[in-house]
Amino acid sequence: SVDLCLNNLLIKNSGILYEAQHLQIGVKMQFQKAQGRMVLYMGNKEDMPLEQTRAVVSPTLSLRVQAGQVPPAFPGKKQVQWTIDMQCQEPFTTPPTCTVSYSYVGQPVEITLQLPSVISKFMSPAPIADPNAFFGAWKNIAAPPQKLQELVKGIPALDIPTVKTLLTNMRLGVCEGLDPNPSNIVAASNVCIASGVDTLVMVSSCLRFGVAVKLHRTDFALCLDPT
């Protein structure tokens, strides 16, 4: 499904974004601090050409986007590349979407897809060696709207190596040895933006319960807490 493809790309930089009867869209991504490049590989699965093709990215204030042009037709059994360059202007929660339209044997088709350029793609691990520095900043964020808490239920049991791998794939730098509780995992990264004023993300994950999200706008600290 489209949702499964998108979820896979949240922790990977290449894969299938969309596939249907006429068209398959694969993607490869590269991110370096506030800069990102996404190349969409649009493959025509039919013998006949896809005509009147068009691809656009939705405008967003948080990302500066520069997208190339696609040719007016995709030949049969051929692949076309579409490049999208991005620059993160500020932390965001809603990624951009793209709309791809074409005509196949006179029948118009239009699809809208969420692009996998989520905020974690613009993060860079920020190692923290001092437990006092980590938990001191953590305790300063105590109440809404900076703190959001949610209990997560009905998910399969995860072991510590699996959680560490997930955090690493989300570009969060796992900080070994900061929390004396062996069931807790802490991590930290910077959200990189074009102005150069990076914002800090802190995570503390417990394998037993849910998560709390804490935000501090000065540093933009995002904390996941089992309490």
Can you tell me how far the [atom1] atom of [X] sits from the [atom2] atom of [Y], to the nearest 0.5 Å?
{"X": "Thr83", "Y": "Arg37", "atom1": "OG1", "atom2": "CZ", "value": "5.5 Å"}
{"X": "Leu9", "Y": "Gln114", "atom1": "CG", "atom2": "CD", "value": "11.0 Å"}
{"X": "Ser1", "Y": "Leu4", "atom1": "OG", "atom2": "CG", "value": "5.0 Å"}
{"X": "His22", "Y": "Ser103", "atom1": "NE2", "atom2": "OG", "value": "9.5 Å"}
{"X": "Ile193", "Y": "Ser195", "atom1": "CD1", "atom2": "OG", "value": "3.5 Å"}
{"X": "Leu40", "Y": "Ile84", "atom1": "CG", "atom2": "CD1", "value": "5.0 Å"}

Can you get from [X] to [Y] by hopping between Ile, Leu, Val, Met, Phe, Trp and Tyr side chains that sit under 4.5 Å apart?
{"X": "Val80", "Y": "Val39", "answer": "no"}
{"X": "Val70", "Y": "Met38", "answer": "yes"}
{"X": "Met42", "Y": "Val56", "answer": "no"}
{"X": "Phe74", "Y": "Val109", "answer": "yes"}
{"X": "Tyr41", "Y": "Val100", "answer": "no"}

Is there a side-chain contact between [X] and [Y] in this structure, where contact means two heavy atoms from C-beta onward sitting under 4.5 Å apart?
{"X": "Cys98", "Y": "Leu113", "value": "yes"}
{"X": "Cys88", "Y": "Ile119", "value": "yes"}
{"X": "Thr199", "Y": "Pro91", "value": "yes"}
{"X": "Met29", "Y": "Pro116", "value": "yes"}
{"X": "Val65", "Y": "Asp85", "value": "no"}
{"X": "Phe134", "Y": "Val186", "value": "yes"}
{"X": "Ile111", "Y": "Ile25", "value": "yes"}
{"X": "Lys33", "Y": "Gln35", "value": "no"}

Take atom [atom1] in [X]; do more than 12 heavy atoms of anything else shown fall under 6.0 Å from it?
{"X": "Gln66", "atom1": "CD", "answer": "no"}
{"X": "Lys77", "atom1": "NZ", "answer": "yes"}
{"X": "Leu61", "atom1": "CG", "answer": "no"}

Any donor-acceptor pair under 3.5 Å from [X] side chain to [Y] backbone:
{"X": "Asn132", "Y": "Gly136", "result": "no"}
{"X": "Ser189", "Y": "Arg171", "result": "yes"}
{"X": "Thr53", "Y": "Pro71", "result": "yes"}
{"X": "Asp47", "Y": "Gly76", "result": "no"}
{"X": "Trp82", "Y": "Ala55", "result": "no"}
{"X": "Asp179", "Y": "Asn181", "result": "yes"}

Evaluate side-chain contact (heavy atoms from CB on, under 4.5 Å) for Asn190 paired with Val201, printing each intermediate quantity in order. CA-CA 6 Å; Asn190 287 317; Val201 177; over 6 Å; no
Worked verdict on Gln30 versus Gln32 for side chain to side chain donor-acceptor pair (under 3.5 Å): CA-CA 7 Å; Gln30 292 181 322; Gln32 181 66 34; over 6 Å; no
Can you list the steps and then say if Phe31 with Phe122 is a ring pair (Phe, Tyr, Trp, His ring centres under 6.0 Å)? CA-CA 7 Å; Phe31 293 90; Phe122 297 95; 5.2 Å; yes
Would you sort out whether Val191 and Asp198 count as a side-chain contact (heavy atoms from CB on, under 4.5 Å), showing the intermediate values? CA-CA 6 Å; Val191 176; Asp198 296 343; over 6 Å; no
Under 4.0 Å between a Lys/Arg side-chain N and an Asp/Glu carboxylate O for Glu110 and Arg54?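 So Glu110 does not pair with Arg54 through a salt bridge.
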May I ask you to decide whether Glu46 forms a salt bridge with Lys78, counting only side-chain N to carboxylate O separations under 4.0 Å? no
Heavy-atom closest pair, residues [X] and [Y]:
{"X": "Leu178", "Y": "Phe135", "value": "O-CE1, 3.6 Å"}
{"X": "Ala194", "Y": "Ala34", "value": "N-CB, 3.7 Å"}
{"X": "Lys28", "Y": "Ser14", "value": "CG-CB, 4.0 Å"}
{"X": "Pro75", "Y": "Ala73", "value": "CD-O, 3.6 Å"}
{"X": "Ala129", "Y": "Pro131", "value": "O-CD, 3.3 Å"}
{"X": "Ser183", "Y": "Ile160", "value": "CA-CD1, 4.5 Å"}

Check whether the side chains of Gln81 and Gln79 place a donor and an acceptor atom closer than 3.5 Å, and report yes or no. no
Do Thr112 and Thr97 meet the criterion of a side-chain donor-acceptor pair at a distance under 3.5 Å?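 Not at all, the side chains of Thr112 and Thr97 share no donor-acceptor pair under 3.5 Å.
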Run the side-chain contact (heavy atoms from CB on, under 4.5 Å) test on Lys164 and Leu166 for me, step by step, so that the C-alpha distance in whole Å, both residues' side-chain angles and the decisive distance to 0.1 Å come before the verdict. CA-CA 5 Å; Lys164 287 183 177 179; Leu166 286 172; over 6 Å; no
Test Leu10 against Met170 for side-chain contact (heavy atoms from CB on, under 4.5 Å), laying out the working first. CA-CA 7 Å; Leu10 299 184; Met170 293 175 65; over 6 Å; no
Going by the side chain to side chain donor-acceptor pair (under 3.5 Å) test, which pairs reach into residues 121-131, not counting sequence neighbours?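 Non-adjacent pairs meeting side chain to side chain donor-acceptor pair (under 3.5 Å): Asn13-Lys121.
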